[in-house]
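Structure record follows, encoded as structure tokens.
This structure is a prediction, so every number in the text was calculated from the model and none was measured.
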Protein chains: 2
Amino acid sequence: MEDSAASKRSVTVADVAKAAKVSKATAARVLGGYGVVSDEIKDRVMAAAAALEYRPNELARSMSTGRSGIIGVVVGDIENAFFSLAVRGISDAARLAGYNVIIANSGEKLDAEKSAVDLLIGKRVDGLIVTPARCDGMGHLQDVRRAGVPLVLFDRSIPELGVDAVTGDDRDAAITATRYMVDQGHRHLAYVSAMDDEGGGLIDTGRISNSAVRERVEGFVSVLKEAGLPHPLHSVRFGATDQQQTDSVVRRLLSEASPPTALLASDSLVGLRIFRSLQSLGLSIPRDVSMISFLDADWTSVTVPPITVIDQHVYDMGKLAGERLVARIERTPLAAERLRVGTSLVVRGSVAAPGG
Amino acid sequence: MEDSAASKRSVTVADVAKAAKVSKATAARVLGGYGVVSDEIKDRVMAAAAALEYRPNELARSMSTGRSGIIGVVVGDIENAFFSLAVRGISDAARLAGYNVIIANSGEKLDAEKSAVDLLIGKRVDGLIVTPARCDGMGHLQDVRRAGVPLVLFDRSIPELGVDAVTGDDRDAAITATRYMVDQGHRHLAYVSAMDDEGGGLIDTGRISNSAVRERVEGFVSVLKEAGLPHPLHSVRFGATDQQQTDSVVRRLLSEASPPTALLASDSLVGLRIFRSLQSLGLSIPRDVSMISFLDADWTSVTVPPITVIDQHVYDMGKLAGERLVARIERTPLAAERLRVGTSLVVRGSVAAPGG
DNA sequence: ATATGTCGTGAGACCGGTCTCTTTATATAT
DNA sequence: ATATATAAAGAGACCGGTCTCACGACATAT
């Protein structure tokens with residue numbers, strides 16, 4: 001249809017300059033919107049650019065300016081509503097400041113995260129937001145700092161790194177939720193997370209490599225202790241990574257001598273899996289078992305009963321992380337800080353007094 | 001802590017070459033992994049690179065090779081499960097072929113889509129996957145072709161463009177779902193979509209600018225006609241863009257002289273909103289109203305009753321689009337084609353005979 | 001002993017922008 | 001009329017890679 005033989009080389013400032021009969025420098029000035037040019041010549045160059053369908057090569061531009069206008073985001077799993085909402089918050093903040101976002105998935109695997117970070121630094125992103133899979137083994141993140149690329153951690157913090165981190169107030173959220181269930185009369189509770197079970201039972205909460213999970217567990221445990229309930233650490237279970245694993249975790253929990261009557265799910269995916277497990281075991285919520293889930297995911301409001309959740313204000317978290325990174329990129333002098341976004345308990349119908 | 005004064009200029013091949021006492025060309029050969037170099041020198045360069053913590057500048061690399069290794073994706077709304085699942089499919093296909101993915105959101109707005117496409121072309125992506133907000137007004141997409149950037153449309157097709165498109169089999173899916181409801185005895189049905197209502201009633205289905213929506217409507221209408229049911233076009237309703245709008249659409253539908261007894265939702269967001277609307281009106285599904293939703297979203301299986309859905313195999317669609325684009329980028333000779341991914345009806349509990 | 005070929009390395013152009021420095025033209029001051 | 005300031009345009013280096021080409025060393029063929 002179009003006669004234009006299949007895509008020649010693209011049109012450059014030099015081409016436009018030639019067509020407008022000015023120097024390359026002058027054409028570049030009007031096309032790049034910097035420096036001073038007379039109106040007459042400006043018009044001529046613009047006309048030539050339009051005629052030739054000139055499109056600036058951002059790559060070349062980035063190379064000489066040293067800025068790419070891109071911020072890189074490494075998340076655990078885009079499919080998780082937590083992250084897709086966060087990404088929207090980040091994107092909105094970025095766009096507002098004139099930046100674009102490039103997303104990479106780590107699948108919560110340390111080596112994938114490492115190579116994603118490497119790649120993004122190679123692409124010369126102006127800044128990086130990372131959800132570290134683990135809070136130890138952070139060599140690659142120190143490299144980021146050393147490379148001079150601004151970095152903001154998301155959802156999890158690593159104090160030793162000395163960089164900004166935007167997280168939820170996980171300990172407080174866990175305390176609120178746990179206390180709510182204890183106040184309803186529950187004496188046997190369990191916390192269930194999707195984290196890989198790193199070899200058997202949990203002895204020391206300090207060992208948990210993910211700070212968000214650690215703080216939630218600490219909050220959960222502290223309430224149990226405060227209430228004088230037995231075996232608080234025994235009540236923390238990992239490994240709910242898929243439906244099958246979750247089924248087995250739940251089944252094991254409920255077949256114990258004194259089974260839990262209330263479950264706290266560490267994210268909406270785990271929450272959904274637990275809901276299904278209980279359903280398939282023929283148990284009624286909240287009559288047989290009560291539950292609370294982190295994250296106000298869409299499904300939680302349409303189940304029967306609707307699920308009581310901890311709203312983490314994830315969009316705000318993302319937006320804050322984006323804004324913070326932009327500030328860092330633009331050299332606003334700020335001390336490395338941990339920014340906590342508050343949470344709120346959304347009471348719906350999944351918690352009742354035990355043995356009702 | 002680190003003495004390294006805040007991020008000097010980054011290490012380049014020239015720096016490594018100097019340290020290894022070889023020419024820039026030679027250092028580039030081993031660092032870039034091309035050409036021939038003796039083992040001895042290779043080792044020397046690698047050692048120097050490691051000592052200096054050399055990181056290749058992908059920007060510079062892209063500029064001289066002309067390939068960026070990035071494919072751009074423009075979606076309607078990342079937060080929509082449809083798109084996040086598709087993005088995962090695309091990403092997986094891309095990663096497998098050695099490409100990375102950069103995502104931009106159009107919010108289903110034509111001008112945002114246009115500027116996103118412009119931006120990505122400026123970044124010299126190797127290829128583009130776009131979910132066109134409208135199937136008319138496609139000037140910017142013709143530009144893509146003219147710029148010589150491979151393009152694959154996603155979810156919606158524009159035959160006039162002459163490019164590949166990966167879509168679901170929307171007409172067939174709508175026919176299957178509608179027929180299923182008709183077979184259950186429904187005589188009054190309605191199709192509800194989130195598309196902006198472009199001024200009043202629908203006269204001509206050919207006017208719908210989104211091919212996926214158009215084909216679904218056509219399928220829906222064809223079944224109604226085939227079954228000899230009245231006013232098929234009157235039963236198509238747009239504008240379910242948020243909960244409030246959906247409430248009003250549903251309320252209006254149900255307050256008609258002969259209200260529909262079965263609803264078909266054009267995506268899982270609309271489905272969820274309809275579910276909530278019906279719930280808040282105190283109507284029981286499927287006793288009072290039956291419904292089917294497009295997309296097997298996670299919430300659809302945990303409601304009471306669970307929702308009968310059309311599974312669009314979105315991950316496969318994404319993967320196919322990614323693979324197709326890679327083939328195009330790598331100049332595999334292929335005719336422009338429309339690839340349809342089949343759908344399947346997942347029967348759960350949201351459809352029953354009317355007036356039960 | 002000379003011609004031919006191969007291998008490893010170095011020199012330098014190139015990609016397409018930005019940006020500094022220099023030159024030229026015009027206006028204002030002395 | 002000459003000196004000085006200022007605005008507008010041009011020349012060319014530079015960013016950090018890739019890649020072509022030229023060159024020298026050594027091996028093999030004649």
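- Checked against side-chain hydrogen bond (donor to acceptor under 3.5 Å, both in side chains), A/Arg55 has the following partners two or more places apart in sequence or in another chain: B/Asp118, B/Asp143.
- Rounded to an integer number of Å, the gap from OH of A/Tyr54 to P of C/dG16 is 10 Å.
- Rounding to whole angstrom units, CE of residue B/Met63 and P of C/dA13 are separated by 16 Å.
- Bending across the helix from C/dA1-D/dT30 to C/dT30-D/dA1, expressed as the angle between its end axes from five pairs apiece, amounts to 60° (10° rounding).
- A side chain to side chain contact (heavy atoms under 4.5 Å, CB included) with B/Val117 is found for one member of B/Leu151, B/Val125, B/Leu128, B/Val149 and no other, namely B/Leu128.
- In this structure, A/Glu330 has no salt bridge (charged side-chain N to carboxylate O under 4.0 Å, His left out) partners at least two apart in sequence or on a different chain.
- Qualifying salt bridge (charged side-chain N to carboxylate O under 4.0 Å, His left out) partners for B/Arg29, counting only residues two or more places apart in sequence or in other chains: none.
- DNA chain D lies under 4.0 Å from no heavy atom of any residue of residues 115-123 of chain B.
- The salt bridge (charged side-chain N to carboxylate O under 4.0 Å, His left out) check on A/Arg61 picks up A/Glu58, with sequence neighbours excluded.
- With sequence neighbours excluded, no residue satisfies side-chain hydrogen bond (donor to acceptor under 3.5 Å, both in side chains) with B/Ser106.
- When rounded to the nearest whole Å, the span between NZ of B/Lys21 and P of C/dG10 equals 13 Å.
- Checking B/Asp39 against B/Arg124, the closest nucleotide of DNA chain C that is more toward the 5' end is the one next to B/Asp39.
- Remark: the B/Lys24 side chain and the C/dG12 base include no donor-acceptor N/O pair separated by less than 3.5 Å.
- For B/Asp316, the side-chain hydrogen bond (donor to acceptor under 3.5 Å, both in side chains) test picks out no residue, with sequence neighbours left out.
- Sequence neighbours left out, the pairs with a member in residues 31-54 of chain A that pass side-chain hydrogen bond (donor to acceptor under 3.5 Å, both in side chains) are A/Glu53-B/Arg146.
- If you check every strand for non-hydrogen atoms under 4.0 Å, B/Val11 touches sugar and phosphate atoms only.
- Residues passing the salt bridge (charged side-chain N to carboxylate O under 4.0 Å, His left out) test with B/Glu323: none are found, sequence neighbours excluded.
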Please list, for nucleotides 5-9 of chain D, all pairs of protein and nucleotide N/O atoms separated by less than 3.5 Å.
residue : atom : partner : partner atom : Å
D/dA9   : OP1  : A/Ser38 : OG           : 2.7
D/dA9   : OP2  : A/Ser38 : N            : 2.9

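- Evaluation of the salt bridge (Lys or Arg N to Asp or Glu O under 4.0 Å) test over residues 103-113 of chain A, restricted to residues two or more places apart or in two chains, returns A/Glu108-A/Arg156.
- Residues A/Val326 and A/Tyr99 are in side-chain contact: their nearest non-hydrogen atoms beyond the backbone lie under 4.5 Å apart.
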